[in-house]
Amino acid sequence: MKPILLTTLSMVSLAAALHAADLTRKVGDPGSQEFVAARLGETPAAAAAPAASAPRPRRGGFGGPIELGPDDKAAFPDAPVAFDQPREGIAHGNLEMVEYDSKSVGTKRKALVYTPPGYSADRKYPVLYLLHGIGGDEEEWRRGGQPNVILDNLIADKKAEPMIIVMPNGRAQADDRAGSNPMATAPAFGVFDKDLLGSLIPFIQAKYSVKTDREHRALAGLSMGGGQSLNFGLGNLDTFAWVGGFSSAPNTKPAAELVPDPDKAKSQLKLLYVSCGNKDGLIRISQGVHAHLKEKNVPHVWHVDEHAHDFQHWKKALFHFSQRIFTSSSK
Ligand code: FER
């Protein structure tokens with residue numbers, strides 16, 4: 001198959017606008033130079049500088065180029081049209097905002113928690129920790145992805161295990177708002193593992209009726225949160241058995257560092273799910289992860305759909321991922 005080359009900014013700007021509503025408000029029109037520059041962590045002047053003047057660092061631009069190879073195809077059929085539509089006549093779960101003391105950050109931090117329909121302290125539930133992107137916060141998944149609707153539907157259809165979903169704020173610093181330059185907050189995403197492992201997971205396990213072994217704990221996220229999930233999930237296989245990276249961003253560790261011990265990863269992982277849209281300028285990150293996993297024979301799902309860097313992809317990724325976790329047969 002001949003590689004297809006796509007280099008559009010417009011497509012991606014639209015997608016980015018859907019994702020980073022906060023960012024869009026801060027820097028205006030998603031098609032503007034400021035918006036693109038903000039996504040790339042550059043000043044508008046730097047973004048506009050002629051490419052010939054000096055070799056510019058290769059950032060994880062949203063503008064591609066995108067080169068697709070033979071492996072870059074769908075692993076699953078598309079989600080049915082109504083997968084993300086609120087349904088009447090089924091039981092619904094609940095969403096609540098919680099606050100916990102973060103030892104590593106030294107502040108009280110927020111997380112949005114989905115409890116499944118009929119949540120009861122008489123049962124113990126598995127937990128999915130679900131992470132947001134560079135312009136997002138603990139509300140981003142609810143705002144753009146309505147995971148409660150997707151899970152209510154899957155649970156009603158008996159396609160997903162009743163589970164708790166915890167949506168924290170992955171920007172582990174005292175001021176954890178995206179602010180006017182979200183890219184400047186990228187380092188705080190890199191130290192979120194201390195807060196997650198040291199404070200949030202213990203808090204959730206104390207407050208909710210949950211199973212606490214690794215086989216009942218999953219980590220997944222979109223974009224920056226996808227990179228965090230791959231980094232922290234694969235780096236803490238004793239804590240997470242199910243790991244998902246959706247459109248993972250350039251914060252993803254180099255593939256060889258992600259999986260330093262392929263045999264351990266093989267034996268410990270119940271599911272490693274890597275997905276991206278074929279119109280997402282960041283696809284090369286996920287392609288690199290897939291290529292390395294393939295080379296090292298680490299079983300994983302590599303799912304590429306027709307979307308861009310947007311919630312259409314992320315909602316469907318959650319739909320596919322959440323059906324395949326906490327099951328006995330998944331690989
Ligand atoms: C980058 C491009 C995009 C980057 C992060 C992103 C850290 C994140 C995008 C998102 O979360 O949507 O170069 O560097």
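Quick caveat: nothing in here was measured; it's all calculated off a predicted structure. We count residues from 1, following the sequence as given. Read the numbers this way: they start at 1 and go in the same order the structure lists the ligands and their atoms.
- Under a 4.0 Å heavy-atom criterion, M183 is in contact with ligand 1.
- Hydrophobic clustering (side-chain heavy atoms under 4.5 Å, transitive across Ile, Leu, Val, Met, Phe, Trp, Tyr) groups L196 together with V98.
- Ligand 1 places these atoms under 4.0 Å from at least one heavy atom of S223: 8 (C), 9 (C), 10 (C), 11 (O), 12 (O).
- Interface atoms of ligand 1 facing P250, defined by a heavy-atom separation under 4.0 Å, are 1 (C), 2 (C), 3 (C), 4 (C), 5 (C), 6 (C), 13 (O).
- F192 and V105 fall into different hydrophobic clusters, defined by Ile, Leu, Val, Met, Phe, Trp and Tyr side-chain heavy atoms under 4.5 Å apart, directly or through other members.
- Under the side chain to side chain donor-acceptor pair (under 3.5 Å) rule, W314 has a single partner from S223, S247, S275, which is S247.
- For Y125 and Y208, the ring centers are positioned 6.0 Å apart or more.
- Under a cut-off of 6.0 angstrom, the local environment of NZ in K253 is crowded, with over 12 non-hydrogen atoms contributed by other residues, nucleotides or ligands.
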R214/D238 under salt bridge (Lys or Arg N to Asp or Glu O under 4.0 Å): CA gap, chis, key distance, verdict: CA-CA 6 Å; R214 59 182 293 283; D238 297 340; 5.2 Å; no
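- Interface atoms of ligand 1 facing A249, defined by a heavy-atom separation under 4.0 Å, are 5 (C), 6 (C), 8 (C).
- Close approach of ligand 1 to G133 (heavy-atom distance below 4.0 Å) involves ligand atoms 11 (O).
- Residue-to-ligand polar distances place I134 within reach of ligand 1: an N/O pair is separated by less than 3.5 Å.
- In terms of N/O distances under 3.5 Å, ligand 1 is approached by M224.
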